[in-house]
> 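Below: one structure in structure tokens.
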Amino acid sequence: MKVLGADSKKQKRRLVLASKGTRAISRFWGIWLVVLTSWGCMIWGGGALGADTDPATENFVAHIMATQEQLANINRRIEKEKFLAVQGPAPEQTARNRNVTRLQEIKFIHQRLLNTLKKNISLASEDADLRKAIESGQAYVLAQKKPYSLSYYDKLLDKVAGVQQEMDVLKTSMSSAEGKLDESRRAQEKVEQTWRRIKEEVTEKKGAAAKNDLQYTQAQLERDAAQAVLELQAARRDGNKMELRLVDLKQKGAQQKLAMIRKDLSFDPAALDREISRLGKQKNQLSARLQSVLDEQKKVELDWQADRTTASSSATESAMKAREAWRDAYEKILQQTEEMTQLLSTQEKLWKLRYTLVKGDVPTKDLDRLEQTATAARQHTQQAVGLYQTWQVNLQSRIASLLKDRGGVDPTDEKYATHQLNALNKTGEFGGEYLSTLLVTGQLAGRLLDEIASRGKQISLWEKTLSTGSKFNEFWNFELWAIDDNGVTIRKVFTALVILILGIMVVKRAISVLSMRLKKSKLEASAAGAAEKLLLYTGFVMIVLFALRTVNIPLTAFTFLGGAIAIGLGFGAQNLINNFISGFIIMAERPIRIGDLIEVEDKCGRVEEIGARCTRVKTGENIHILVPNSSFLEKSITNWTLSDKMFRNRVAVGVAYGAPVKQVSELLLQAADQTERVLKDPQPFVVFDDFGDNALTFEIYFWVIIRSVIEKKRIASDLRYQINALLSMHDISIAFPQRDIHVDSLRPLQVQVLTPRRDEKS
């Protein structure tokens, strides 16, 4: 350990006294700073530190006092480290000087923390004042008396937009502050771990003298620095919270003012004339600029033509690039100038709509039209802004590339590169004005939309009902297409559908009533069915024609469709048309009628319906057969009841040989006479048909009237019952199949017993 001399001891005593004096002075100024801060808070906040002191302000004041104490302590440590650096050896001096530098950094962090805390106190005071003004209503006092002008309303809207932008920035800052605070916490935890580890290591080695170790001191300084940064970030985060809360209060107050102004807006024709005049002047300026740009473009083209003749072959490519850059620049400027003129016209239209809305001359039914106009204008500007931003990024990229490649090139090439850069810069300068015009137009459209929405909230129920009716009327008369200068609307189409549906229902009902009357009349069923079908199809055609006439659709509109249908019918619907036409022929000629008993493909049945395509036949087994109409004209069909329902039937019977044939004939006629449904007129008759192989064959013919398929068989069955009974009563046998075997007896029969063969035994 180094022994100090007398001079060194005196110097140390002076340093200690100076340190004590510095500490006293720091405490004195710290106390006065707190007092002055508190006094300022009481003045700004109306006694914020009095009986109604805000707790947040008290915390900030206490934090300021603690920070002042820490600053005083840091000053003392700086003086001590400087003193020890002077007295110590060279390696120690370097470490002490490093400690001094770190202490000064910590001091700077605490000073920033102190400024942040003072700002937070000011924000807290401003927040308290604003809340009191809101509670008392002073925050909602308007500078202008009602009715309010639209210009005054727009100024407040600009203020609200500014506050909203400030709020967006603060939200971003708040998110950043939260991230930095979390990062500072993690860093502080790591430094704390390092400090605890070094403290344990040094304490184990040096014991009580550990606090004087340089390594421990440096770890302590790092810990203090991390803690100071953490406190600074926390204070900034708290300040951002208060700023965000304060801006939110301002936003709510401004919105409240807007609501108050919106209720009492007045129409000022002079203000509208001023806006229209201002926009007209801007249009004139753009027209003059447009002509100036055209003249400039011609002059530049002439200069390029003259310069091209004197340029070297190596500079030709650079010259062409510069020329293209100027040409693109002028084209872009001209395009943006024309678009700006259109935007100014849009602004003029939007201003007129706004004043018309304020004046109250806009019917409720026209609000949707205004909303569509404003929405279209805003969407156009938003798309244009997006395209402009993309173009601007590309432009800046080209400028950066030119700036990068300018050094170390041929002087001639550099001249043309400068021309190209000037062209790009000129385009970018004019683009700023174009972007400003876009933003103003979009803002104006947005404000019109807000006012339309506000007007919509004030609409009465009756006005909403009328507006809904007007919307429905517009939809009802919406034109779908036009044919021969005749518009087809939704109303006409709906009317045509109603006519079709009701007309078909009426025609069906009328045909049903007519059909019932025709059935009760003496008209035949087939004729009644034909008349019913003809009237039904005629009614359908008339209804369709009437519906088309109602919606003013001429039949010529179906010329192409008719041709397509004709081609389709010619190739793919031959059978359908054949059956359809055959149906009408059957109804006209009536080879078959409804109720007739017919035989189709060895199946008997009764005709139930003659349709347009096919005829429905019901068999005795209660099975329906659908027969195409063309089959009745192309094939042989048996119709048992075409002329009348009387039908001649026959029953055959065979008796054994030797039976009395006259008696058999009489018995057969007696059996026919005793059968109920056999007609007496015409009389039945018997035919001795043949000498058969096994019997004498007789046939009895008789007439019956049949109304169904099964009656024919049932009458024949009854007759057979009678025949069998009468023949049995008179002992006349009904023959059955038999064969006679004749043996040749001219020579004796040979009888032989045969022995089975071996293979048969096995």
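Nothing here was measured: the structure is a model prediction, and the numbers come from that model. Numbers for residues simply follow the sequence, beginning at 1.
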> Which one of Val393, Leu424, Leu421 satisfies the side chain to side chain contact (heavy atoms under 4.5 Å, CB included) criterion with Arg398?
Leu424
> Please give me the minimum heavy-atom distance between Leu350 and Ala377, naming the atom from each residue.
CD1-CB, 4.4 Å
> With side-chain contact (heavy atoms from CB on, under 4.5 Å) as the criterion, how do Thr427 and Tyr330 come out once you've worked through the C-alpha distance, each side chain's angles and the decisive distance to 0.1 Å?
CA-CA 8 Å; Thr427 311; Tyr330 281 118; over 6 Å; no
> Would you please say whether a donor-acceptor pair under 3.5 Å links the side chains of Gln188 and Glu192?
yes
> Quick one: are Arg96 and Val100 in side-chain contact, heavy atoms under 4.5 Å?
no
> Indicate whether the side chain of Glu339 and that of Gln335 have a donor and an acceptor atom separated by less than 3.5 Å.
yes
> For Gly431 and Gln336, which heavy atoms make the closest approach, and how far apart are they?
CA-OE1, 3.6 Å
> Can Lys283 and Ser345 be said to form a side chain to side chain donor-acceptor pair (under 3.5 Å), step by step?
CA-CA 9 Å; Lys283 286 183 180 180; Ser345 299; 3.0 Å; yes
> Please determine if Arg354 and Asp154 form a salt bridge, counting it only when a charged side-chain N lies under 4.0 Å from a carboxylate O.
yes
> Quick one: do Arg447 and Asp158 make a salt bridge, cutoff under 4.0 Å?
yes
> Just checking, any donor-acceptor pair under 3.5 angstrom between side chains of Ser266 and Lys146?
no
> Look at the side chain of Asn284 and the backbone N and O of Gly280, then say whether any donor-acceptor pair between them is shorter than 3.5 Å.
yes
> Taking side chain as C-beta onward, heavy atoms only, is Leu290 less than 4.5 Å from Ile333?
no
> Return the minimal non-hydrogen interatomic distance between Ile452 and Glu371, and the atom names on each side.
CD1-N, 3.6 Å
> Donor-acceptor pair, Ser175 side chain versus Thr172 backbone, under 3.5 Å?
no
> Examine the side chains of Glu222 and Trp195 and answer whether a donor and an acceptor come within less than 3.5 Å of each other.
no
> Measuring from atom CG of Leu395 to atom OH of Tyr388, what distance do you get when rounded to the nearest 0.5 angstrom?
8.0 Å
> If I take atom CD from residue Gln104 and atom CD1 from residue Ile74, how far apart are they, to the nearest 0.5 angstrom?
11.0 Å
> With the threshold set at 4.0 Å, does a side-chain nitrogen-carboxylate oxygen contact exist between Glu275 and Lys352?
no
> Checking Gln227 against Glu231 for the side-chain contact (heavy atoms from CB on, under 4.5 Å) test, could you report, in this order, the C-alpha distance in whole Å, the side-chain angles of both residues, the deciding distance, and whether it holds?
CA-CA 6 Å; Gln227 183 64 33; Glu231 292 179 4; 3.6 Å; yes
> For Leu117 versus Ala235, what's the shortest heavy-atom pair and its separation?
CD2-CB, 4.1 Å
> How many angstroms lie between atom CG of Asn59 and atom NE2 of His63, to the nearest 0.5 angstrom?
10.0 Å
> Nearest heavy-atom pair of Ala254 and Leu156: which atoms, and what distance?
O-CD2, 4.2 Å
> Please tell me whether Gln220 and Asp224 have a donor and an acceptor in their side chains that are separated by less than 3.5 angstrom.
yes
> Among side-chain atoms of Thr441 and Gln347, is any donor-acceptor pair under 3.5 angstrom?
yes
> Taking 4.0 angstrom as the limit, do Lys250 and Glu243 come out as a salt bridge?
no
> Is it the case that Asn425 and Glu429 place a side-chain donor and acceptor less than 3.5 Å from each other?
no
> Atom CG of Asn115 and atom NE2 of His110: how far apart are they, to the nearest 0.5 Å?
13.0 Å
> Output, in order, the C-alpha distance, side-chain angles, deciding distance and verdict of side-chain contact (heavy atoms from CB on, under 4.5 Å) for Leu439 and Thr381.
CA-CA 7 Å; Leu439 295 176; Thr381 54; over 6 Å; no
> Between Arg185 and Asp182, is there a side-chain N and carboxylate O pair less than 4.0 Å apart?
yes
> I want to check something: taking the side chain as every heavy atom from C-beta on, are Phe430 and Arg289 in contact at a cut-off of under 4.5 Å?
yes
> Indicate yes or no: at least one non-hydrogen side-chain atom of Leu130 is less than 4.5 angstrom from one of Ile134.
yes
> Taking the side chain from Asn240 and the backbone from Leu170, do they hold a donor-acceptor pair closer than 3.5 Å?
no
> If we only count heavy atoms from C-beta on, is the Trp351 to Leu150 side-chain gap below 4.5 Å?
yes
> Just verifying a value: how many Å separate Lys118 NZ and Leu123 CG, rounded to the nearest 0.5 Å?
14.5 Å
> Between Gln392 and Gln396, do the side chains contain a donor N or O and an acceptor N or O under 3.5 Å apart?
yes
> Just so I know, are the side chains of Arg102 and Gln218 near enough to count as touching, which here means a heavy-atom distance under 4.5 Å?
no
> Hey, is the main chain of Ala288 close enough, under 3.5 Å, to the side chain of Ser292 for a donor-acceptor pair?
no
> Between Glu81 and Arg77, does at least one N-O distance fall below 4.0 Å, as a salt bridge requires?
no
> Please name the pair of heavy atoms, one in Asn120 and one in Gly239, separated by the smallest distance, quoted to 0.1 Å.
OD1-CA, 3.1 Å
> Flag the pair Arg274 / Asp268 as yes when at least one side-chain heavy-atom distance between them is below 4.5 Å, and no otherwise.
yes
> Side chain to side chain donor-acceptor pair (under 3.5 Å) between Glu79 and Asn75: does it pass, once the steps are laid out?
CA-CA 6 Å; Glu79 294 296 332; Asn75 287 328; over 6 Å; no
> Counting only N and O atoms by type, is there a donor-acceptor contact under 3.5 Å from the side chain of Ser401 to the main-chain atoms of Ser397?
no
> I would like to know whether Ile121 and Ile64 meet side-chain contact (heavy atoms from CB on, under 4.5 Å); could you show each step before the answer?
CA-CA 10 Å; Ile121 289 178; Ile64 286 175; 3.2 Å; yes
> Hey, is Lys171 close enough to Glu166 for a salt bridge, meaning N to O under 4.0 Å?
no
> Does the pair Arg186/Glu183 count as a salt bridge with the N-to-O cut at 4.0 Å?
no
> Heavy-atom distance under 4.5 Å between the side chains of Arg278 and Gln282, does that happen here?
yes
> Decide whether a cation-pi geometry holds between Lys332 and Trp391; the criteria are a distance under 6.0 Å from NZ or CZ to the six-membered ring centre and an angle within 45° of the ring axis.
yes
> Nearest 0.5 Å, what's the OG-CE distance between Ser122 and Met242?
9.0 Å
